Amino acid sequence: MKLTQDLLIRLQAGERPTAPELATLLNAQGKACDLIYQAANTLYQRVMGYVVHLRGIIEFSNVCKNNCWYCGIRCENKQIERYRMSQDQILDIARHAKRWGCGTVVLQSGVDSFYTAELLSDIVRQIKNETGLAVTLGVGVRTRDELALIKSAGCDRYLLRFETTSNALFSALHPDESFLQRIRCLNDLRELGYQVGSGFMIGLPGSTAEMIANDILFATELKLDMIGCGPFLAHPDTPLAGKPLLEDRSMYYKTIALLRLLNPYAHIPATTAFDALEQDGRNLVLTRGANVFMPNLTPGKYRTQYALYPNKPDVDEEGEECVLRVRQRLLALGREIGTGPGHARRVSVES
Ligand code: 5AD
């Protein structure tokens, strides 16, 4: 307890902890664990003023040429039907997102080359022209030229998780990609002027508190505008089927709390996977440092086909219902809903 208190005081003073120190915090139990949550919530409240931003997510294609070991939409999974949404379908949902009070739409898909940089640019330009919403893209690694083209169409942000900082684990899980390629892409995004989001899965098979500590430190070094992390959940139709959750469930939440403490101004979403971990898991993360909620706007008929992991929530809802429920959920938690795009704090400080 005393050790946790001392470490927290140092973190709050802006000191960068070592990986073993962070691992100690990740292992904190009972009252010491609660202290970490409280410190993260207090910091969030001070910096963000209890505001939660809504980013409507549109999972527009589950076609993926990659075969990542953990992911339910990996190309070798023949148990799901593949779909692609048209430009008009995507635009239609973006219009609704605006009406429902989302400041941002997040367009996410598998690694699907059907959506060329030209097509993605068209989609982004149309959404920006018609709705003025902020647009975030999450479509995997792309070349610098492609990213430049999409940026010039007005794209604001990009999400690309690094998944794990363990090079050995990264290579084992990603037969089609390298860690360095992802880092190269993150650097390109930053240089091109995107607001950049990245993050990792918490509790991949074989991971330890020390490894999670390294992931937290690496995410912090990247000076990200957004940090998206969620629990790894074993999908039955992947080679990692049956892999267990972390024995200490609180480690998932402590990871988010520590990310907040080290990154006061970053946007940190309460990711959907927390609701698949346990009932109202996203509410819990929102009281432990997270400040962004991403209602799912994918049409109902596609939702079950976009199962990256099992027990994904809200698969039987349509977008409007989802946003309404999210609003009620946040208000019940005493949160205010953000208005406007909720851009990166770093950018708004500069501009
Ligand atoms: N469990 C948890 N998260 C997963 N993702 C993919 N598969 C899983 C899984 N089985 C996450 C990855 C990816 C993001 C879109 O979803 O981190 O970057």
Side-chain angles (χ1 to χ4, degrees), residues 55 57-77 79-80 106-112 136-142 157-166 169-170 172-179 181-183 185-186 189 196-207 211-212 215-216 218-219 222 224 226-246 249 251-252 255-256 259 268-278 281-282 285 292 294 296 298 303-313:
R55 327 266 205 220
I57 182 157
I58 310 173
E59 297 151 337
F60 66 91
S61 160
N62 69 348
V63 177
C64 191
K65 74 170 181 55
N66 283 3
N67 211 17
C68 306
W69 275 45
Y70 45 80
C71 187
I73 65 167
R74 68 202 303 268
C75 64
E76 255 176 40
N77 182 8
Q79 305 299 317
I80 51 168
V106 181
L107 308 183
Q108 201 182 72
S109 71
V111 178
D112 183 359
T136 305
L137 217 53
V139 297
V141 172
R142 295 273 173 153
R157 314 185 188 128
Y158 205 97
L159 300 174
L160 181 68
R161 291 188 180 176
F162 58 80
E163 315 293 2
T164 170
T165 39
S166 157
L169 189 56
F170 189 99
L173 297 178
H174 301 95
D176 317 281
E177 283 190 60
S178 79
F179 180 75
Q181 217 180 10
R182 289 218 181 178
I183 302 307
C185 190
L186 288 170
L189 288 163
V196 182
S198 190
F200 54 92
M201 274 175 284
I202 311 165
L204 281 167
S207 69
M211 286 163 76
I212 299 173
D215 291 341
I216 295 173
F218 187 73
L222 288 174
L224 297 165
M226 307 165 286
I227 308 177
C229 295
F232 159 72
L233 302 158
H235 190 294
D237 303 318
T238 64
L240 300 183
K243 293 286 179 195
L245 291 170
L246 289 172
R249 302 286 161 88
M251 208 175 274
Y252 297 110
T255 301
I256 303 297
L259 281 165
I268 301 182
T271 54
T272 316
F274 274 97
D275 266 4
L277 177 72
E278 63 176 310
R282 276 189 286 188
V285 210
V292 170
M294 296 163 77
N296 193 333
T298 310
R303 285 197 190 190
T304 44
Q305 312 299 339
Y306 204 89
L308 306 181
Y309 45 79
N311 301 323
K312 205 172 155 209

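Model, not experiment: these values are computed from the prediction. Order of listing sets the numbers, starting from 1, for every ligand and every atom in it. Below, all heavy atoms of this structure are taken into account, side chains as well, without hydrogens, waters or symmetry copies.
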Checklist entry - Under the 3.5 angstrom rule, does the side chain of D215 hit a backbone N or O of T165 as a donor-acceptor pair? => result yes
Next on the checklist: Using the rule side-chain contact (heavy atoms from CB on, under 4.5 Å), only one of I73, V139, V63 pairs with S109; which is it?
Outcome noted: V139
Item to check | K243 NZ: over 12 foreign heavy atoms closer than 6.0 Å | outcome: no
Checklist entry - Short N/O distance, under 3.5 Å, between H235 and ligand 1? => result no
Checklist entry - Y70 heavy atoms, cut-off 4.0 Å: which ligand 1 atoms fall inside? => result 6 (C), 7 (N), 8 (C), 9 (C), 10 (N)
Checklist entry - Any N/O of L233 closer than 3.5 Å to an N/O of ligand 1? => result yes
Item to check | Heavy atom of P231, distance to ligand 1 below 4.0 Å | outcome: yes
Item to check | Option with minimal heavy-atom separation from atom 12 (C) of ligand 1, where the choices are K243, E59, E163, Q108 | outcome: E163
Checklist entry - Between R182, M201, R161, which one has a non-hydrogen atom sitting closest to atom 4 (C) of ligand 1? => result M201
Checklist entry - Looking at F170, F179, F200, which hits ring pair (Phe, Tyr, Trp, His ring centres under 6.0 Å) with F218? => result F179
Next on the checklist: What's the separation between atom CG in L159 and atom OG in S198, rounded to the nearest 0.5 Å?
Outcome noted: 8.5 Å
Next on the checklist: Classify the ring geometry of H174 against Y70: parallel below 30°, tilted from 30° to 60°, perpendicular beyond 60°.
Outcome noted: perpendicular
Item to check | Atom indices of ligand 1, in the order listed, that fall short of 4.0 Å to a heavy atom of L308 | outcome: 6 (C), 7 (N), 8 (C), 9 (C), 10 (N), 15 (C), 16 (O)
